[in-house]
Amino acid sequence: MARSSDELIETDVERYLEQQQRKTLLRFIMCGSVDDGKSTLIGRLLYESHLVFDDHLSALETDSKRIGTQGDELDLALLVDGLAAEREQGITIDVAYRFFATEARKFIVADAPGHEQYTRNMITGASTADLAVVLVDARKGILTQTRRHTYLLSLIGVHKIVLAVNKLDLVGYSRETFDGVDAEYREFAKEIGITDVVSIPVSALRGDNVTRSSDNTPWYTGPSLIGILDSIDLDTDRRDGPFRMPVQWVNRPDSDFRGFAGTVVSGALHPGDPVRLTPSGRQSTVSRIVTADGDLDEAVSGQAITVTLTDAIDVSRGDLLAGADAPPSVADQFEAHIVWMNDQEMLPGRSYLMKIGTLTVGLTIAHPKYKINVNTLEHIAAKSLGLNEIGVCNLNLDRPVPFDRYVDNRDTGGFIVIDRITNNTVGCGMLHFALRRADNIHWQSIDVNKAAHAALNHQGPCIVWFTGLSGAGKSTIANLVERKLHQRGFHSYLLDGDNVRHGLNKDLGFTEADRVENIRRVAEVAALMVDAGLIVLASFISPFRSERRLARDLVSTTEFCEVFVDVTLAVAEQRDPKGLYRKARQGELLNLTGIDSPYEPPEHPEIHVDSTSLSAEQASDLVIAWLGAAGVIESA
Amino acid sequence: MSPLTHLQALEGESIHIMREAVAESERPVMLYSVGKDSSVMLHLAGKAFYPGPIPFPLLHVDTTWKFRDMYVFRDKRVAELGVDLVVYQNPECLKLGINPFSHGSELHTDMWKTEGLKQALDLYGFDVAFGGARRDEETSRAKERVFSMRSPQHRWDPKQQRPELWRLYNARRSPGETVRVFPLSNWTELDVWQYIHQEDIPVVPLYFAAQRPVVDRGGTLILVDDDRMPLEVGETPSLRTVRFRTLGCYPLTGAIESEARDALSIIGEMMRATNSERQGRVIDHDASGSMEKKKQEGYF
């Protein structure tokens, strides 16, 4: 030992760094419940890979004595229990990410809770995983929860599974028990299309077969858990698939340079490659692949690059750059799996936003075809989806987007659903295929069109949409407006909330979902009447901004006039022309807007009527004046 | 083509995150603490928008109690890179002379850093702020999203976090809300040092071992960085070969004895490291779960 310790460090570090140059990254998800020993197994992986530092260890010793479940021994599960709230409850409440490394790989572990109500977290954690470790308790075997986790993994596209049969020490390291669990699991996994399963007998608590092969299981000759994680083939689908890069940002530092920045999500790209820009369909050739470290001869999936093209074609954020030989499809109607992730249930017909790749578009979701019981995989009829429910639905976008089937490409086939009002991510989905409906049911082109109808009537078509609380005076004002229009010979029609509920919408109630559907139908009818050249007066409480926006979006911007008939709840309740408030206060009527159902006031109405200071007559004159100024009717 | 190395994969992910945040914000800013994570983040920003310039300013929420070397380094880097730097010091703290010696670490940190950051974000109207926090630093961070919403009062609600799937980040905000974006979420301390070594990224010299005057206070080695530091009776600074694993306010940051004079040697030391990085920071020891509390109140 002639060498000084400095030299030793020097030599080791260089060898170490050399290894680092070849080190790859594997993301996996750990599925199971606290009872299966999930936190203990993750704690064990961190502990054994020497990622637990002295100060964490001393904290762990203190905590183990105070709240641990292992007597005097270290409770490794406490290493991974982060938030104070869950420490108190003794359960993991959200998806967390942990890190450890071996000589061959760095690992990012998504730690997803096993409880039924947290489907959302598991889907989230699995969305970026290359592989899953499914943990079962050898004493209990395959549980409902195991099936649920496996189904969710297949749904999100994680097809490599390591089945860790844990607590083998508690069944005397029995080979029969292990083989039984292994066989039962394989059979179930096969039913849902997962065949790439490796099973391994472990004890997270004792460390058997976690990092080293255990003497307690001489009958098991396979590698340890770490051995498997170190050597399993990384997903090659992304590398070998067709080239895809969603454009994130157009880089134009000066007039000479125009590059398109993005991350390659699949395939490879080289200078000279023909590429197609979707949805526009324009084609060009790659000129350079620019990075701060110099131009590249090849860019592969996972790399963030900037591409320049040989042609000056128009490219913007949200476009998808694709290999010209295998371009993606473009469509605006789809069938998809939807996983709902919010306390507020999904409302069919409501206008949401979809973010797919780097593109954000308007989205409406139809009534689910069915929802799926994640425990039995049964299909169940459904009108809507609640938190943690999964269904198959048709989607309608406000413009065509480029996409691949989710099974072919997670990045160009997976999307999130965003609520327009709260801006929260309320769901996610996986595209199956484009519906051909939009292609086949063309809008029938008719010679006598909207302009022709309106010209004959000597008026412009328009929707005047009255919104406000019950008792605000909407119908009174709308009625006066229509009389004035009629006197002057204009063609109009008044759609009234109460009247449509006698016929067109008599199947609908007053739940939030039904209110959305009610307004959707009315908006469609109003739009058809606009097409017939009419001035449509629509008088509806229409409490939600989303649905009023939907009505507005059905016609062109100059054909919609939102009239906010504003009144305080106290005044409306005092007027109570239909006696509804009295009934609601007595508990005889549910879901009355303003009492136990919300009203979202318009932010930018064309006309704002304060019905406590303006008479209905004055308000109707305001509307007539607006119609004149907008050129819908001739000014009087 | 072989798969990407783990550093290439982390680099690609961080650049993707930065580009998404910039594309979906109106007034982005990068919180620049002058530490090694900030140095890595700044280096990645240069790559993300190359050949264009970094399209946002840096914000240094200053406490006036950082190491002198940090101020020197900061001004030098900013000049070299030609980036805009906004330095903000909480005027109330300046007026009251808030310092860790008379007011204690908790009040000092709360008023200079937590309050100072909120004031600066409000004053300049920044809607998206990049931070260098990593999930491996501390247990409550392990669950924080990459895009993390803050209420108009700058509070973090761990129960109301947005699900974050695939590479899809949701940066949409209601009026008054802001987003903290953490491009280094999935990096570990070791990754950071390996990357600094690989890319030859400049960092404050205090990270490397040198002879420095320190006093030993209850096992924590505190650098006597200037004459504002009151010495206790019988206390004399002694020259020891030390370095810092983390840099903050000098009276609140403990040094470790080390011979590591470059990134390579630090990696060597880390192979044998037995103390986690935040241990050198006095604030984390205040109470169990204290980081989670601080974050709910708006600490980065």
Side-chain angles (χ1 to χ4, degrees), chain A residues 9 12-13 16-17 20-25 53-56 82-85 94-99 101 105-106 108 120 123-124 127-128 234 239 248-249 251-253 257 261 263 265 268 290-292 298 300 302-304 306 317 341 355 358 410-411 414-416 418 422-425 428, chain B residues 1 3-13 15-16 19-20 22-23 46-53 135-136 139-140 142-143 158-159 161-168 170 172-174 177 185-186 188 190-191 194 197 259 264-265 267-269 271 273-276 279 288-289 292-293:
Chain A
I9 290 172
D12 273 352
V13 171
Y16 176 79
L17 278 175
Q20 300 300 315
Q21 302 302 324
R22 297 192 301 270
K23 194 177 257 193
T24 52
L25 179 65
F53 296 112
D54 276 359
D55 52 334
H56 283 167
L83 299 183
D94 201 343
V95 61
Y97 297 89
R98 322 279 178 195
F99 309 88
R105 277 184 180 157
K106 172 191 163 107
I108 301 179
R120 170 178 83 165
I123 289 285
T124 302
S127 71
T128 51
L234 285 176
R239 265 185 294 147
Q248 283 186 289
W249 161 270
N251 197 340
R252 282 199 91 162
F257 188 88
T263 302
V265 298
V290 179
T291 77
E298 182 183 54
V300 296
Q303 278 182 303
T306 301
R317 173 173 165 83
M341 299 178 148
K355 185 171 182 187
T358 53
R410 285 204 222 179
D411 285 287
F415 61 90
I416 55 172
I418 300 171
T422 64
N423 289 316
N424 278 332
T425 303
C428 74
Chain B
M1 175 85 194
L4 299 182
T5 68
H6 78 289
L7 289 180
Q8 284 176 311
L10 291 172
E11 179 187 83
E13 181 183 75
I15 292 175
H16 178 83
R19 288 169 171 173
E20 277 304 283
V22 167
K47 288 195 173 194
F49 303 100
Y50 176 88
R135 285 170 172 158
D136 78 322
T139 39
S140 81
K143 304 193 172 194
K159 290 212 167 78
Q161 299 200 85
R162 294 175 177 175
E164 216 159 58
L165 296 104
W166 301 293
R167 289 187 175 96
L168 296 175
N170 176 3
R172 298 182 69 87
R173 310 162 290 282
S174 301
E177 286 181 339
S185 287
N186 288 327
T188 61
L190 189 56
D191 297 330
Q194 285 174 7
H197 174 71
E259 295 289 335
L264 198 64
S265 320
I267 295 167
E269 273 195 7
M271 291 164 66
T274 52
N275 279 310
S276 78
Q279 196 198 25
S288 186
E292 186 180 346
K293 274 185 223 141

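Letters go in sequence order (proteins before strands), and every chain restarts at 1.
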Provide the closest heavy-atom pair for [X] versus [Y] in the form atom of the first, atom of the second, distance.
X        : Y        : answer
B/Ser185 : A/Phe99  : O-CZ, 3.7 Å
B/Tyr50  : A/Val290 : CE2-CG1, 3.7 Å
A/Gly302 : B/Leu4   : C-CD1, 3.8 Å

Below 4.5 Å from any heavy atom of chain B, which atoms of [X] appear? Answer side chain, backbone, both or neither.
X        : result
A/Tyr97  : both
A/Asn251 : side chain
A/Thr124 : both

Top of [options] for chain A proximity - count of heavy-atom pairs under 4.5 angstrom:
options                               : value
B/Glu164, B/Arg173, B/Glu177, B/Glu20 : B/Glu20
B/Lys47, B/Arg172, B/Arg19, B/Glu13   : B/Arg19
B/Pro163, B/Gly46, B/Ala48, B/Pro53   : B/Pro163

Next on the checklist: Could you measure the distance from the OG1 atom of A/Thr128 to the CZ atom of B/Arg167? Nearest 0.5 Å is fine.
Outcome noted: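 The distance works out to 10.0 Å.
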
Item to check | Atom pair CG (B/Asn186) and NZ (A/Lys106), whose distance is rounded to the nearest 0.5 Å | outcome: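 Taking CG in B/Asn186 and NZ in A/Lys106, the distance rounds to 7.0 Å.
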
Next on the checklist: With a 3.5 Å distance limit and no angle check, can you tell me whether A/Gln248 reaches the backbone of B/His16 through a side-chain donor-acceptor pair?
Outcome noted: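 It does hold such a pair.
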
Checklist entry - Does any N or O in the side chain of B/Arg162 come within less than 3.5 Å of the main-chain N or O of A/Asn423, such that one atom is a donor and the other an acceptor? => result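 Such a contact is found between B/Arg162 side chain and A/Asn423 backbone.
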
Item to check | Non-neighbouring partners of B/Leu168 that pass side-chain contact (heavy atoms from CB on, under 4.5 Å), sequence neighbours left out | outcome: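 Testing B/Leu168 for side-chain contact (heavy atoms from CB on, under 4.5 Å), a comparison that skips the adjacent residues, returns A/Lys355, A/Ile416, B/Trp166.
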
Checklist entry - Who passes side-chain hydrogen bond (donor to acceptor under 3.5 Å, both in side chains) against B/Thr188, sequence neighbours left out? => result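 For B/Thr188, the residues satisfying side-chain hydrogen bond (donor to acceptor under 3.5 Å, both in side chains) (neighbours in sequence not counted) are B/Asp191.
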
Next on the checklist: The test is side chain to side chain contact (heavy atoms under 4.5 Å, CB included); show your working for A/Met341 and B/Leu165 and say whether it passes.
Outcome noted: CA-CA 12 Å; A/Met341 299 178 148; B/Leu165 296 104; 4.1 Å; yes

Next on the checklist: Against B/His6, only a single residue in A/Arg22, A/Arg105, A/Lys23 fulfils side chain to side chain contact (heavy atoms under 4.5 Å, CB included); can you say which?
Outcome noted: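 That would be A/Lys23.
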
